[in-house]
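Report on one structure; see the data block that follows.
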Amino acid sequence: MGSDTFTEYTGKFYYLLHPRPTIVVGTVCPNNRVNFMSASWNMPVSEEPPIIALAIGSEAYTRECLDYCGEASLNILSLEDAQLVYDLGSVSGRDVDKVSTFKLDLVDSITIRPPGLSRSLAIIESKVIGKYPAGEAFLYLLQVTKARVREGVADRFGFLFSKGVNIALHGSGRTFYGVGPRVLASRKGSS
Ligand SMILES: Cc1cc2nc3c(=O)[nH]c(=O)nc-3n(C[C@H](O)[C@H](O)[C@H](O)COP(=O)(O)O)c2cc1C
């Protein structure tokens, strides 16, 4: 295959890694408000102990809130809530009280102070265990202290996409996708 079959894309390399499951990060902030911010740059990094990484831009109020309270609820919302996911990622908790502006119903967490969003399909409670500068962002490592799923939306293999459950995957800008067809790979060595 010749190199002329490829087009330059370095400036937007990250779109090549989208769509991505998007979470909504709940924190308690220095202004004493609970705040929620959308974050699609998230990933699991360790099972034992359970650790998740989040890239949070330096400018986001959530960065200050994470430093302030050291804990976060990670809320996984349905594709039906894509507008809310977009909205929570488009204004800053520095300027607006997102809980009242977006009429968010909250659910108490069990192991941390920040509450979760009651409309979530799943909520992961976590505590900050590391913070590393990375370009214009900081990479936070969060240890999972509790994870809960809404009844009927997941089994031990994950979300029940075949039963109509779907999660918000962030494409770019205002574009979101749901999870598409299921493909089952052959067992190792059998193809
Ligand atoms: C779908 C979506 C995903 C986003 N993902 C991230 C992300 O992973 N990291 C980040 O720093 N900002 C991300 N943003 C932008 C922040 O959510 C946005 O800057 C937000 O206003 C920050 O809120 P805060 O100032 O209340 O923390 C995302 C925005 C949207 C709409």
Side-chain angles (χ1 to χ4, degrees), residues 11-45 51-106 109 112-117 119-144 159 166-180:
K12 295 282 186 191
F13 76 93
Y14 46 87
Y15 284 150
L16 305 175
L17 301 171
H18 281 239
R20 309 184 58 78
T22 301
I23 60 176
V24 174
V25 182
T27 49
V28 175
C29 299
N31 63 11
N32 276 323
R33 288 203 291 246
V34 168
N35 188 45
F36 290 92
M37 157 195 154
S38 303
S40 48
W41 288 12
N42 64 78
M43 65 178 285
V45 287
I51 298 172
I52 292 171
L54 285 186
I56 303 291
S58 315
E59 302 292 308
Y61 192 41
T62 295
R63 184 192 53 76
E64 281 179 50
C65 307
L66 280 171
D67 292 345
Y68 171 74
C69 75
E71 300 175 332
S73 67
L74 310 178
N75 301 270
I76 297 148
L77 267 55
S78 164
L79 180 60
E80 290 170 16
D81 284 322
Q83 182 67 54
L84 178 62
V85 174
Y86 179 73
D87 290 343
L88 293 173
S90 304
V91 290
S92 177
R94 212 179 262 115
D95 309 318
V96 295
D97 179 345
K98 296 190 208 180
V99 173
S100 59
T101 303
F102 299 110
K103 299 182 175 56
L104 303 177
D105 281 328
L106 308 183
S109 293
I112 57 170
R113 267 212 301 159
L117 292 173
R119 65 205 304 146
S120 300
L121 296 175
I123 306 174
I124 299 172
E125 299 175 17
S126 65
K127 297 192 183 203
V128 176
I129 58 165
K131 178 189 175 188
Y132 305 90
E136 86 279 355
F138 284 92
L139 188 71
Y140 283 87
L141 295 186
L142 298 143
Q143 181 155 349
V144 175
F159 288 114
N166 220 328
I167 57 170
L169 306 178
H170 187 212
S172 61
R174 288 182 289 119
T175 306
F176 290 84
Y177 297 89
V179 171

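Worth saying up front: this structure is predicted, and the values here are computed from it rather than measured. Whatever order the structure lists them in is the order used to number ligands and atoms, beginning at 1.
- Remark: Ile51 CD1 to Ile129 CD1 distance equals 3.5 Å, nearest 0.5 Å.
- Nearest non-hydrogen protein atom to atom 11 (O) of ligand 1 is Gly57 N, 2.7 Å.
- The part of Val91 lying near ligand 1 is the backbone, judged by heavy-atom distances below 4.0 Å.
- Nearest non-hydrogen protein atom to atom 23 (O) of ligand 1 is Lys98 NZ, 3.2 Å.
- Close approach of ligand 1 to Ile56 is summarised as follows: ligand atoms under 4.0 Å from at least one heavy atom of the residue are 11 (O).
- The shortest N or O to N or O distance between Gly93 and ligand 1 is under 3.5 Å.
- Contact annotation: for Phe36 versus ligand 1, there are no heavy atoms closer than 4.0 Å.
- Other residues, nucleotides and ligands place no more than 12 heavy atoms under 6.0 Å from the OH atom of Tyr177.
- Here the shortest heavy-atom distance to atom 22 (C) of ligand 1, taken over His18, Arg33, Met37, Arg63, belongs to Met37.
- Polar contact with ligand 1: present for Ser40 (N/O pair, distance under 3.5 Å).
- Put simply, CZ on Arg113 and NZ on Lys127 are 11.0 Å apart, with the number rounded to the nearest 0.5 Å.
- Each of the atoms 4 (C), 5 (N), 6 (C), 7 (C), 8 (O) of ligand 1 lies under 4.0 Å from some heavy atom of Ala39.
- Under the 4.5 Å side-chain criterion, counting only non-hydrogen atoms from C-beta, Cys65 is in contact with Pro30.
- The minimum heavy-atom distance between Arg33 and Asp95, with the atom names listed, is NH2-C, 4.4 Å.
- Between Leu74 and Leu54, some side-chain heavy-atom pair lies under the 4.5 Å cut-off.
- Nearest protein heavy-atom contact of atom 27 (O) of ligand 1 is Thr62 OG1, 2.6 Å.
- Considering backbone and side-chain atoms together, Thr22 places no N or O closer than 3.5 Å to any N or O of ligand 1.
- Close approach to Ala60 involves these atoms of ligand 1, each under 4.0 Å from a residue heavy atom: 25 (O), 27 (O).
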Applying side chain to side chain donor-acceptor pair (under 3.5 Å), run through Tyr140 and Asp67 and close with a yes or a no. CA-CA 10 Å; Tyr140 283 87; Asp67 292 345; 2.8 Å; yes

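- A 4.5 Å side-chain heavy-atom check between Lys98 and Asn35 finds at least one atom pair inside the cut-off.
- Of the protein's non-hydrogen atoms, the one nearest atom 9 (N) of ligand 1 is Ala55 O, 2.9 Å.
- Listed by atom number, the atoms of ligand 1 under 4.0 Å from Asn35 heavy atoms are 24 (P), 26 (O), 27 (O).
- To the nearest 0.5 Å, the span separating CZ on Phe159 from CD1 on Ile167 amounts to 6.0 Å.
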Side-chain donor-acceptor pairs under 3.5 Å in residues 80-88, sequence neighbours left out?
from	atom 1	to	atom 2	distance (Å)
Asp81	OD1	Arg119	NE	3.2
Asp81	OD1	Arg119	NH2	2.9
Asp81	OD2	Arg119	NE	3.3
Gln83	NE2	Asp87	OD1	3.0

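- Between the CD atom in Glu59 and the CD atom in Glu64 there is a gap of 9.5 Å [rounded to 0.5 Å].
- Every N/O-N/O distance between His170 and ligand 1 stays at or above 3.5 Å.
- The distance from atom CE of Met37 to atom CG of Leu66, rounded to the nearest 0.5 Å, is 8.5 Å.
- Rounding to the nearest 0.5 Å gives a distance of 10.5 Å between CE of Met43 and CD1 of Ile52.
- Considering backbone and side-chain atoms together, Tyr86 places no N or O closer than 3.5 Å to any N or O of ligand 1.
- Any N or O atom pair closer than 3.5 Å counts here, and Leu88 shares no such pair with ligand 1.
- Residue contact check: Phe176 has heavy atoms under 4.0 Å from atoms 1 (C) of ligand 1.
- Under 4.0 angstrom from ligand 1, there are no non-hydrogen atoms of Ala137.
- Scanning the protein for heavy atoms near atom 8 (O) of ligand 1, the closest one is Trp41 N, 2.8 Å.
- With respect to atom 13 (C) of ligand 1, the closest heavy atom belonging to the protein is Ser38 O, 3.5 Å.
- Nearest protein heavy-atom contact of atom 29 (C) of ligand 1 is Gly89 O, 3.5 Å.
- Residue-level proximity to ligand 1 for Arg94 is absent, since no heavy atom of it falls below 4.0 angstrom.
- Nearest to atom 25 (O) of ligand 1 by heavy atom, out of Ser172, Ser92, Cys65, is Ser92.
- Taking the disulfide (SG to SG under 2.5 Å) definition, one finds that Cys69 meets it with nothing, sequence neighbours left out.
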